[in-house]
Number of protein chains: 2
Amino acid sequence: MSGTHTDVPSVLAHELPRPVPADEFAACPVGEVFRRVGDKWSMLLVILLGGRPHRYNELHRAVEGISQRMLTRTLRTLESDGLVHRRVHPTVPPSVEYSLTPLGRSLLEPVSALADWAVRHEAEINASRARYADAPFGRPDAPVSDPAVR
Amino acid sequence: MSGTHTDVPSVLAHELPRPVPADEFAACPVGEVFRRVGDKWSMLLVILLGGRPHRYNELHRAVEGISQRMLTRTLRTLESDGLVHRRVHPTVPPSVEYSLTPLGRSLLEPVSALADWAVRHEAEINASRARYADAPFGRPDAPVSDPAVR
DNA sequence: CCGTATCCGATTTGATACTG
DNA sequence: CAGTATCAAATCGGATACGG
């Protein structure tokens, strides 16, 4: 957790009443959270659970593409971070309900803003990518095979 | 990229004048963007460039921990997505200036909101993690015990 | 100064099969 | 229904060396 951090301009300062010190802002917590947010399924699940609680298989069907392994793993991580609550009903067969904690709900807002941005600018991004992929120029070097760029 | 999508509740609907159709919202663009946001360096660079344009080695020194490979790769991806502009001054020795495009600047806002959330709730997350790691119970399997406790 | 090429270990993810 | 176990594949990321 500790260790390296970087010199970061006060991007957030514009409306922080008690502005976060740049040093505190640095890579550590932000990087952590961005990586959690950035993994393939976490925020999708948070958004889903933001709508209403879901049962395990409900999530599995809703996401449709996620493996059981990843669904379970992601939910566990979210739970350990205090974003998701797991409630087991001791019925038979068992049923488990996942829901957002208050902390999870608070995350929903910034995440929704980002999701909103993604939706609004999807086309621009794709256009830019296509343009970049096409252009033999526009990139520093070669038209010859280069598998390194995705 | 087109294929699978998920059933998503209208989390964002609360203030979307022309609400994004749930189908459009789905996993595809959001997942893409979240993964970009979540990779180790992208958003750090976006935030850095949000402060002011930087030259290559300036970034390299500022981030301090990133390898040349990853710096270049990340910048290229950002460029291909249309978030970052790369300007080459044909001097000798060469100098290259990276800056945010308008699209990149627009991303800065939701990202800052998320970064802000991260800073504000870091402690809660860590506390929750520690609690979860400690507890022999609180986790589904656990050694030997009653699974039906809250 | 601004990169690229190559190698290699670490981490993440998916497919599949099995269980209380 | 709600998971766990195991294996293999893809991807990520860093170190190092070299090039225009």
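Note that the coordinates shown come from a computational prediction; the quantities given were computed from them, not determined experimentally. Order of the sequence lines fixes the chain letters, A, B, ..., with proteins taken first and strands second; residue numbering starts at 1 for each chain. Keep in mind that the numbers below use all heavy atoms, side chains included, and drop hydrogens, waters and symmetry copies.
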Protein-nucleotide distance ([X], atom [atom1]; [N], atom [atom2]), rounded to Å:
{"X": "B:R76", "N": "C:dA5", "atom1": "CZ", "atom2": "P", "value": "11 Å"}
{"X": "A:E58", "N": "D:dA2", "atom1": "CD", "atom2": "C1'", "value": "13 Å"}
{"X": "A:H60", "N": "C:dT16", "atom1": "NE2", "atom2": "P", "value": "13 Å"}
{"X": "A:Y98", "N": "D:dC1", "atom1": "OH", "atom2": "C1'", "value": "11 Å"}
{"X": "B:R87", "N": "C:dC2", "atom1": "CZ", "atom2": "P", "value": "15 Å"}
{"X": "B:L75", "N": "C:dC2", "atom1": "CG", "atom2": "C1'", "value": "11 Å"}
{"X": "A:R86", "N": "D:dC1", "atom1": "CZ", "atom2": "P", "value": "16 Å"}
{"X": "A:L71", "N": "C:dT12", "atom1": "CG", "atom2": "P", "value": "17 Å"}

Taking only side-chain nitrogens and oxygens of [X], does any of them come within less than 4.0 Å of OP1 or OP2 of [N]?
{"X": "A:R55", "N": "D:dA2", "answer": "yes"}
{"X": "B:R35", "N": "C:dT12", "answer": "no"}
{"X": "B:R61", "N": "C:dC1", "answer": "no"}
{"X": "B:R73", "N": "D:dC12", "answer": "yes"}
{"X": "B:K40", "N": "D:dG14", "answer": "yes"}
{"X": "B:R69", "N": "D:dA17", "answer": "no"}
{"X": "A:Y56", "N": "D:dT4", "answer": "no"}

Using heavy-atom distances to pick each residue's nearest nucleotide on DNA chain C, tell me which of B:P94 and A:G38 is more 5'.
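Whichever sits nearer the 5' end wins; that is B:P94.
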
Taking for each residue the nucleotide of DNA chain D with the nearest heavy atom, is it B:W41 or A:E97 whose nucleotide lies nearer the 5' end?
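It is A:E97, whose closest nucleotide lies nearer the 5' terminus.
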
Among [options], the one nearest [X] by side-chain distance:
{"X": "B:M70", "options": "D:dG13, C:dT4, C:dC1", "result": "D:dG13"}
{"X": "A:Q68", "options": "D:dG13, C:dA17, C:dC2", "result": "C:dA17"}
{"X": "A:T72", "options": "C:dC1, D:dG3, C:dT13", "result": "D:dG3"}
{"X": "A:S67", "options": "C:dG14, C:dG3, D:dA2", "result": "C:dG14"}

Kindly indicate whether the side chain of A:E58, heavy atoms from C-beta on, has any atom under 4.5 Å from the side chain of A:Y98.
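They are not in side-chain contact.
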
Should the heavy atoms of other residues, nucleotides or ligands under 6.0 Å from CD of A:E109 be counted, would the total exceed 12?
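It does not: A:E109 CD has 12 such atoms or fewer within range.
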
Could you check whether atom CZ of A:R87 has more than 12 heavy atoms from other residues, nucleotides or ligands sitting under 6.0 Å from it?
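Incorrect, the count does not exceed 12.
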
Set out, in order, the CA-CA distance, both residues' side-chain angles and the distance that settles side chain to side chain contact (heavy atoms under 4.5 Å, CB included) for B:L108 and B:L49, then state yes or no.
CA-CA 10 Å; B:L108 207 51; B:L49 294 176; over 6 Å; no

Heavy-atom pair of closest approach, residues B:T101 and B:H85
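For B:T101 and B:H85, the tightest heavy-atom pair comes out as CG2-N, 3.8 Å.
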
Are any side-chain N or O atoms of A:S128 and backbone N or O atoms of A:I125, one a donor and one an acceptor, separated by less than 3.5 Å?
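Judged by distance alone, no pair lies under 3.5 Å.
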
